[in-house]
Amino acid sequence: MKNNNWVLWLIGLGSIAFMSFTLWQNYLYAASLGKDYQGLFGDMFGASNALFTGLSFVGVIIAIRLQSQELKLQRKELELTRNEMELTRDEFAIQNSTMKVQQFENTFFQMISLFQGNTKTMSFNSDGEIYEGAGIFSLLLDGVEKGLDLALRNRFYQNDDKSLKEDDYDYYRYEEFQKVGKEEFIPLFLAYFSIYGDNLTKYFTTLYNTLKLIDKSEIIDKQYYVSIINSQLSRVERLTIFYYTIAKDENSNFRMLVEKYNLLDGLNEGMVISKKIYNEYKPNLENKLLLV
């Protein structure tokens with residue numbers, strides 16, 4: 001369109017030149033006539049007026065045509081500007097999303113560092129022996145198992161079956177351990193948990209806040225960040241978290257987050273103190289551990 005403007009300008013200039021030449025020739029011719037013929041000659045300008053009117057109309061068409069082309073060029077420029085604005089908006093959205101991820105990750109990894117730091121600084125004095133870090137989880141689980149063993153041993157010796165002997169206890173213990181359910185186990189676990197409460201409360205509070213940070217964030221792949229937490233857990237930590245989770249109310253925020261993000265992934269029957277407790281907490285179709 002823009003390259004054809006010279007044609008329109010050429011037509012316009014040619015029309016103006018033609019009208020000017022015609023008027024000039026008419027003037028020279030009229031000047032050479034006598035007074036008697038000049039009036040008659042002037043009447044002949046009616047045809048010229050019609051010609052000039054037509055040429056003027058051509059000029060109007062040319063002006064409209066040029067204006068139309070300018071409007072098209074303006075629309076094209078506006079469209080290009082709109083496309084550039086959309087690209088800028090998309091780039092801004094990507095930058096904004098990237099910034100949010102970076103802000104989240106900065107906070108998340110600070111929480112992970114705090115979580116690891118709290119674990120390493122845990123310390124407990126048990127009969128003059130100092131347990132530090134993840135060793136406290138082993139101390140807790142050993143205490144729970146010994147407490148349960150003591151309860152079963154008392155039950156064994158109070159049994160009215162006189163045929164039972166001391167050598168029968170190991171078999172009795174194994175069988176009875178597998179029958180222990182949540183109702184009997186949870187009070188015992190919470191009793192021993194309270195002994196190490198100062199250390200473990202800080203540990204579980206940090207763990208909960210980290211899970212809540214992930215849950216409340218706008219990131220897409222939340223499970224990825226939960227898997228980072230999971231990779232930091234030792235066997236005794238994961239087992240302690242399992243017992244702590246089943247000891248919590250089903251509607252507690254901590255328990256819901258653990259189950260929502262499958263934090264206990266990797267737990268198996270051989271790790272749990274009894275088959276009955278494990279069977280009361282088994283995988284569903286989504287491969288998440290949920291209480292039945």
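Everything quoted here is computed from the prediction, not taken from an experiment. Any value given below was found using the heavy atoms of this structure, including those in side chains, with hydrogens, waters and symmetry copies removed.
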Are M271 and V180 connected, step by step, through hydrophobic side chains (Ile, Leu, Val, Met, Phe, Trp, Tyr) whose heavy atoms are closer than 4.5 Å?
yes
Compare all side-chain heavy atoms of Q102 with those of T98 and state whether any distance is below 4.5 angstrom.
yes
Could you state whether F254 and I112 fall into the same hydrophobic cluster, counting links through intermediate Ile, Leu, Val, Met, Phe, Trp or Tyr residues with side-chain heavy atoms under 4.5 angstrom apart?
yes
Compare all side-chain heavy atoms of I277 with those of I246 and state whether any distance is below 4.5 angstrom.
yes
Check whether any side-chain N or O of Q178 sits under 3.5 Å from a backbone N or O of S274 as a donor-acceptor pair, and report yes or no.
no
Taking every non-hydrogen atom, the tightest pair across D265 and N230
O-ND2, 3.6 Å
So V101 and E105, do their side chains get closer than 4.5 Å, heavy atoms only?
yes
Measure across T121 and N118 and return the closest heavy-atom pair with its distance rounded to 0.1 Å.
OG1-O, 3.2 Å
Under the 3.5 angstrom rule, does the side chain of N279 hit a backbone N or O of K275 as a donor-acceptor pair?
yes
Atom CG of L190 and atom NZ of K248: how far apart are they, to the nearest 0.5 Å?
9.0 Å
Going by side chain to side chain donor-acceptor pair (under 3.5 Å), name the pairs with one or both residues in residues 123-140, residues two or more places apart or in two chains.
E129-Y131
Once side chain to side chain donor-acceptor pair (under 3.5 Å) is applied, what residue pairs with a partner in residues 189-205 remain, sequence neighbours excluded?
Y203-E237
Carefully, step by step, assess V272 and Y243 under the rule side-chain contact (heavy atoms from CB on, under 4.5 Å).
CA-CA 9 Å; V272 181; Y243 293 145; 4.1 Å; yes
Taking the six-membered ring for Trp, are Y225 and F104 ring centroids under 6.0 Å apart?
yes
Name all residues meeting the salt bridge (Lys or Arg N to Asp or Glu O under 4.0 Å) criterion together with K179; count only those two or more places apart in sequence or in a different chain, and write none if there are none.
E176
Heavy-atom side-chain proximity of Y278 to I273 below 4.5 angstrom:
no
side-chain hydrogen bond (donor to acceptor under 3.5 Å, both in side chains) partners for K100, two or more places apart:
E218
Those residues that, when tested against E145, pass side-chain hydrogen bond (donor to acceptor under 3.5 Å, both in side chains) (two or more places apart):
R173
Got a second to check how far L207's CG is from L211's CG, nearest 0.5 Å?
5.0 Å
Sorted by chain and number, sequence neighbours left out, side-chain hydrogen bond (donor to acceptor under 3.5 Å, both in side chains) with Q116 holds for Q232
Validation row, ring centre Y244 to ring centre F189 under 6.0 Å:
no
Given I195 and F124, is the side-chain contact (heavy atoms from CB on, under 4.5 Å) satisfied, shown in steps?
CA-CA 10 Å; I195 298 175; F124 186 81; 3.8 Å; yes
If two hydrophobic side chains count as joined below 4.5 Å and joins carry through other members, does V226 share a cluster with Y224?
yes
Between V144 and F193, is any pair of side-chain heavy atoms under 4.5 Å apart?
no
Does either side chain, that of Y261 or that of D215, offer a donor lying less than 3.5 Å from an acceptor on the other one?
yes
same_hphob_cluster(I228, Y208) at 4.5 Å side-chain heavy-atom cutoff
yes
Should L263 and T245 be marked as a side-chain contact (heavy atoms from CB on, under 4.5 Å) after you check the CA-CA gap, both sets of side-chain angles, and the distance that decides it?
CA-CA 10 Å; L263 184 62; T245 299; over 6 Å; no
How many angstroms lie between atom CE of M111 and atom NZ of K212, to the nearest 0.5 angstrom?
9.0 Å
side-chain contact (heavy atoms from CB on, under 4.5 Å) between R75 and L71: does it pass, once the steps are laid out?
CA-CA 6 Å; R75 283 198 298 269; L71 289 174; 4.1 Å; yes
Determine whether more than 12 heavy atoms belonging to other residues, nucleotides or ligands lie under 6.0 Å from atom CG of L78.
yes
Is any side-chain heavy atom of I214 less than 4.5 Å from a side-chain heavy atom of I229?
yes
With rounding to the nearest 0.5 angstrom, report the CG to CZ distance, N268 to R235.
8.0 Å
If we only count heavy atoms from C-beta on, is the L267 to I241 side-chain gap below 4.5 Å?
no
Going by heavy atoms in the side chains, are L188 and E184 under 4.5 Å from each other?
no
Value for CZ (F115) from NZ (K120), rounded to nearest 0.5 Å, stands at 12.0 Å
Working to the nearest 0.5 angstrom, can you tell me the gap between K222 NZ and S227 OG?
14.5 Å
Linking I/L/V/M/F/W/Y whenever their side-chain heavy atoms sit closer than 4.5 Å, directly or via other members, would L141 and I130 fall into one cluster?
no
